[in-house]
Enquirer: 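Let me give you the structure first, and then I'll get to my questions.
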Amino acid sequence: IVTYNTIIDGLCKSKRLDKAWMIFETMNSMGVNPDACTYNVLVDSLCKAGKEDEALKLFEQTVEGRRTINPITFSALLNGFCRKGRADEAVRLHNLVLRTGHVPDHITYTTLIKGLCNIGKTDDALKLFKEMVQRGVSPDVVAYSVLLSGLCKASRVDEAVQLLNLMIEKGPVPDIVTYNILLDGFCKVQKVDQAMDLLKKLSELGLTADMCTYNTLLDGLFKSGKCTDAMNLYQELTTNGSQMDIITYRIVLSGLCERGDLDDAVKFFYSVVRKGYSPKSAICSTLLDKLCKAGKVDEAAKLYEEMQRRICVPT
RNA sequence: AAUCGGGUUUUGAGAGC
C-alpha cells in the first residue's frame, strides 16, 4: 500500500492525473484497499487541478465508506475551496464537520479566515476567529496577521489597530510581517504619516524593518504625492546599502512616472537595467506612453530599442 | 510519515461598455 501511495502521489505531483487514477484502479482490482493516505493524495490533487467538486464527492464517499473523517483530507479540501474563492462553501463544510466533533487546527482556521477575507467577508472572518478562540484553538501570529490584513484591506484600520492591541495584550508577539500589514493599511487609507511614525517605533519594539517594510512605505509616500520624501527614503536606503529588490524598482519607477519626472524616470530605468533587472513590461509601457505624450517620441524610440534588447516586451 | 495546508509590499496602457 505504501508503494502504491508513493507512486500515486508522485504521478499527481507531476500532473499525470489520468495515470494516477489508472494505478488507483489497478490497486483496487488487485485487492489492495486504498487507505486514508491514498485519499489524501487524490483529494488534494483534484483540488489542485481545480476540480473541487469532484474532490468533495470523493471526500463524501470516504466519509460514508470509512465512517471517519480524516483531518488531512478535509483540510486539503477546504484549502481547495478557499483558493478558488469559495470560502463560504468551505465554511459551510467546516460547520457540518464541526458538529461531528472535529475541530480544525490553527492552520486550517487561518486558511478559512484568509479565504473569507479574500472574498470580502471580513465580518464572517471575525466571527470565525472568535469561534476559533472559543474552541480552544489559540491563534498564532499568522492567524492574527491574516485577520489584521483582512481588516486593513477592508479599510477598517481602526479595528486593525484594536486587534493589534489585543494581540500585544494577550496574544502572540507581533512580528515584522504583522507590522508591515498595518503599515500598508495606514498607507492605503492615506495615513502615511502614521505609517512613518510607526516605522520609527519598530526598533523600540525590537524589530528590524525589512525590504517589504520600505517598499510599502515608498509606495505609500509616492501614492500620496510625497515624492520628495519617497526619494529621500530611497536615497537613505541606497546609502546604507540596503538590498533593493525588483519591487522597489518598480515602485520608484512608477512613482517617478506618476509625478511626471520623465527624465529622472528614464535615468532610473537605465540604472535599474544596468543592475541586471528587466522591469516589467507594464512599467516599460507606462514609461514609453508618458514619454510619447510628453512629445519626446525620439527618446521613447531609443528606449524602446533598449527594452527590446533587454528582452522585456512592452506592448 | 508514503499524503494537505496559513500571513505583508509593486503590477501598465489603449479600446469598448
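Below, read A as the first sequence line, B as the second, and so on, with proteins coming before strands; counting in each chain starts at 1. Note that the coordinates shown come from a computational prediction; the quantities given were computed from them, not determined experimentally.
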Enquirer: On the side chain of Thr178(A), is there an atom forming a donor-acceptor pair with the base of G7(B) - under 3.5 Å, no angle test?
Expert: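 Answer yes: a donor N or O sits under 3.5 Å from an acceptor.
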
Enquirer: Starting the side chain at C-beta, find the nucleotide from G7(B), G5(B), A2(B) nearest to Val141(A).
Expert: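 Nearest nucleotide to the side chain: G7(B).
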
Enquirer: Stepwise, does the side-chain hydrogen bond (donor to acceptor under 3.5 Å, both in side chains) test hold for Tyr39(A) with Gln61(A)?
Expert: CA-CA 10 Å; Tyr39(A) 289 110; Gln61(A) 281 171 29; over 6 Å; no

Enquirer: Could you check which of A2(B), U9(B), G7(B) has an atom nearest any side-chain atom of Asp35(A)?
Expert: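 For the Asp35(A) side chain, the nearest candidate turns out to be A2(B).
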
Enquirer: What is the nucleic acid contact for Thr111(A), judged by heavy atoms within less than 4.0 Å: base, sugar-phosphate only, or nothing?
Expert: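 Since only primed, P, OP1 and OP2 atoms lie under 4.0 Å of Thr111(A), the category is sugar-phosphate.
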
Enquirer: Whole-Å distance between U9(B) C1' and Leu148(A) CG?
Expert: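 Spelled out: CG on Leu148(A) to C1' on U9(B) is 15 Å.
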
Enquirer: Can you tell me if the side-chain N/O atoms of Lys188(A) get under 4.0 Å from OP1 or OP2 in U8(B)?
Expert: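 For Lys188(A), the contact criterion (side-chain N or O under 4.0 Å from OP1 or OP2 of U8(B)) is not met.
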
Enquirer: Please pick, from U10(B), G6(B), U8(B), the nucleotide with the shortest atom-to-atom distance to any side-chain atom of Ile247(A).
Expert: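 Nearest nucleotide to the side chain: U10(B).
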
Enquirer: Against Phe81(A), only a single residue in Glu52(A), Arg92(A), His94(A) fulfils side-chain contact (heavy atoms from CB on, under 4.5 Å); can you say which?
Expert: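 The single option meeting the side-chain contact (heavy atoms from CB on, under 4.5 Å) with Phe81(A) is Glu52(A).
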
Enquirer: Can you tell me the distance, in whole Å, between the CG atom of Leu182(A) and the C1' atom of U9(B)?
Expert: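 The distance from CG of Leu182(A) to C1' of U9(B) comes to 14 Å, rounded to the nearest Å.
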
Enquirer: By nearest atom, which of the nucleotides G5(B), A2(B), U10(B) is closest to the Asp219(A) side chain?
Expert: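 The listed nucleotide nearest to Asp219(A)'s side chain is U10(B).
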
Enquirer: Between the side chain of Thr111(A) and the main-chain N/O of Ile107(A), is any donor-acceptor distance below 3.5 Å?
Expert: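 Here the side-chain-to-backbone pair exists.
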
Enquirer: Is a donor-acceptor pair below 3.5 Å formed from side chain Thr108(A) to base G5(B), judging by atom type as modelled?
Expert: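 For Thr108(A), whose side chain was compared with the base of G5(B), there is a donor-acceptor pair (under 3.5 Å).
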
Enquirer: Considering only NZ, NE, NH1 and NH2 on the basic side and carboxylate oxygens on the acidic side, decide whether Asp123(A) and Arg156(A) come within less than 4.0 Å.
Expert: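 A salt bridge links Asp123(A) with Arg156(A).
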
Enquirer: Side chain of Val146(A): nearest nucleotide among U10(B), A2(B), G7(B)?
Expert: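 Nearest to the side chain of Val146(A) among the choices is G7(B).
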
Enquirer: Quick one: the side chain of Ser145(A) and the base of G7(B), do they pair up donor-acceptor inside 3.5 Å?
Expert: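 Present.
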
Enquirer: Nearest to the Asp105(A) side chain among G5(B), U8(B), A2(B), which nucleotide is it?
Expert: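 Closest of the options to the side chain of Asp105(A): G5(B).
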
Enquirer: Measure from the side-chain heavy atoms of Lys153(A) and tell me the nearest of U8(B), G6(B), A2(B).
Expert: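 The closest nucleotide is U8(B).
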
Enquirer: Return the value, rounded to whole Å, for the distance between atom CE of Met167(A) and atom C1' of U8(B).
Expert: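 Going from CE in Met167(A) over to C1' in U8(B) covers 12 Å.
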
Enquirer: In whole Å, what is the span from the CG atom of Leu128(A) to the C1' atom of G6(B)?
Expert: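 Leu128(A) atom CG is separated from G6(B) atom C1' by 13 Å.
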
Enquirer: Asp140(A) CG to U8(B) P: how many Å, rounded?
Expert: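 My rounded result for the distance is 14 Å.
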
Enquirer: Please give, in whole Å, the distance from G6(B) C1' to Lys114(A) NZ?
Expert: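 These atoms are roughly 8 Å apart.
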
Enquirer: Could you check if a side-chain atom of Asn165(A) sits within less than 4.5 angstrom of a side-chain atom of Val161(A), using non-hydrogen atoms only?
Expert: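 Counting from C-beta outward, Asn165(A) and Val161(A) do come under 4.5 Å.
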
Enquirer: From the set U8(B), G5(B), U9(B), return the single nucleotide nearest to any side-chain atom of Ile251(A).
Expert: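 Between U8(B), G5(B), U9(B), the one nearest the side chain of Ile251(A) would be U9(B).
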
Enquirer: Just compare G7(B), A2(B), U9(B) and give me whichever is closest to any side-chain atom of Asp175(A).
Expert: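 Comparing G7(B), A2(B), U9(B) against the side chain of Asp175(A), the answer is G7(B).
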
Enquirer: Heavy atoms from C-beta onward define the side chain here; which of G6(B), G5(B), U10(B) lies closest to that of Thr110(A)?
Expert: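 Nucleotide nearest to Thr110(A)'s side chain: G6(B).
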
Enquirer: Using a 4.5 Å cut-off on heavy atoms from C-beta on, say whether the side chain of Asp9(A) contacts that of Asp44(A).
Expert: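 A side-chain contact under 4.5 Å is absent here.
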
Enquirer: Starting at atom CE of Met244(A), determine the distance to atom C1' of U9(B), rounded to an integer number of angstrom.
Expert: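 Going from Met244(A) (CE) to U9(B) (C1'), I get 14 Å.
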
Enquirer: Whole angstroms only, please: what is the OH-P distance between Tyr144(A) and G7(B)?
Expert: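 That distance rounds to 19 Å.
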
